Amino acid sequence: MNDTLTDFAQAKIETLQAASLKRSLAPTHRLDGVWVERGGRRLISFSCNDYLGLSHHPKVKAAAIRAIETHGTGAGASRLITGDHPLFAELESKLAAWKGAEAACVFGSGYLANAGVIPTFLGPGDLVVLDELAHACIWAGARLAGAAVIAFRHNDVADLAAKLAESRGGGRRALVATEGVFSMDGDLAPLHEISRLCRAHDAWLLVDDAHGLGVVGGGLGAGRVFPEAHIDLAVGTLSKAIGGYGAYVCGTGPVIDFIKTRTRTVVYSTGLPPANAAAAIAALEVIEAEPERAAAPLAKARAFCAALGLPDAQSAVVPIILGEAQAALAAAAALEEAGLLAVPIRPPTVPDGTARLRIAFSALHPDWAVERLAEAVRPWLRR
Ligand SMILES: *Cc1c(COP(=O)(O)O)cnc(C)c1O
């Protein structure tokens, strides 16, 4: 017999609370790229993925406002009906050129991109091999495909090789999926080796570069982080360094053509609001025009790591792993006292025992704020 739904939810909430795993929403005014207001206090945020401060850039905002005035607020239908605004084609050709790909398809969000694309190419009887730390939406796509799902140890090429050697064969199709820059750890995947293994084992490769685009590599080259790696499906989002909302997948002409006719999260979901496409186009133009902006988040992350004697940063994301959820909550509360917002990241977003502060650096962080953060974090470093 069922409990009432309310009793069920209440019991679940109490279990989470007892384990310090209950989450709650905190209304937050983002005043610009880095300052936020929460609970009546102004804090400097080190938790936003708006790495280049483009969500509040005057040119990006102006492009979005113009697009709303001209085209309205919504796409009105799926892209295959009447929702395929001409701005999408312009954005797609810009993204494809940026990634060095033949073509691109824009999506409503990164979650929808991964959840939609993986089941487009794989099904029951096929194989998806994932980095164990791959984003939740990559796992969701793999599970939706109904394929066998195997994880390899994080960034461990030897383990991937062993898993592929064990499980390839039988004529089934296989996809390896990983991230370019890992969202919660900030480290980079060894894409050259992974891509070589994929070719050796006749597997396709999907790379989600949500946290790399616009940040790693700097300036115009930022999209082409690993120019020689052969990537079949290059996924990314417009919601992080691009400062807006939406996502994309790049690939060959036929791959993208097939996605546009078959991927359920394209076919059965309304097109992106045209203003989001206009904002993304403007954001890409700002990045092209200001390479020093794209180089700044990594430089700030490196300065922070150097100040604390941490291993050198590889991206704009630096994890301070504290262990239990309690410890991450306590550290975040202490930082907030010092005027710094670093939201604690707890399981299941990260593996058990690795609760952390995930520090995300922005081009707009003043040097004094990075220094203040380093001093506030220093007492919490694990010995
Ligand atoms: C943020 C993120 C996503 C989700 O993108 P949204 O556009 O926010 O839905 C997908 N993959 C990775 C690796 C991410 O970090």
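These numbers come from a predicted model, not from an experiment. Just so you know, ligand 1 is whichever comes first in the structure, and atom 1 is the first atom listed for that ligand.
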Contacts of H56 that satisfy ring pair (Phe, Tyr, Trp, His ring centres under 6.0 Å) - sequence neighbours left out: none
Who pairs with F8 by ring pair (Phe, Tyr, Trp, His ring centres under 6.0 Å), at least two apart in sequence or on another chain? none
Under 4.0 Å from ligand 1, residues with heavy atoms, in chain and number order, are S109, G110, Y111, H135, C137, E179, S183, D208, A210, H211, T237, S239, K240
R153 and D131 ion-paired at < 4.0 Å: no
Verify the ring-centre separation between F182 and H135: is it less than 6.0 angstrom? no
Hey, do the aromatic rings of Y248 and F107 have their centres closer than 6.0 Å? no
Could you list the residues that satisfy side chain to side chain contact (heavy atoms under 4.5 Å, CB included) with P297, not counting sequence neighbours? Y51, L52, V215, A316, A363
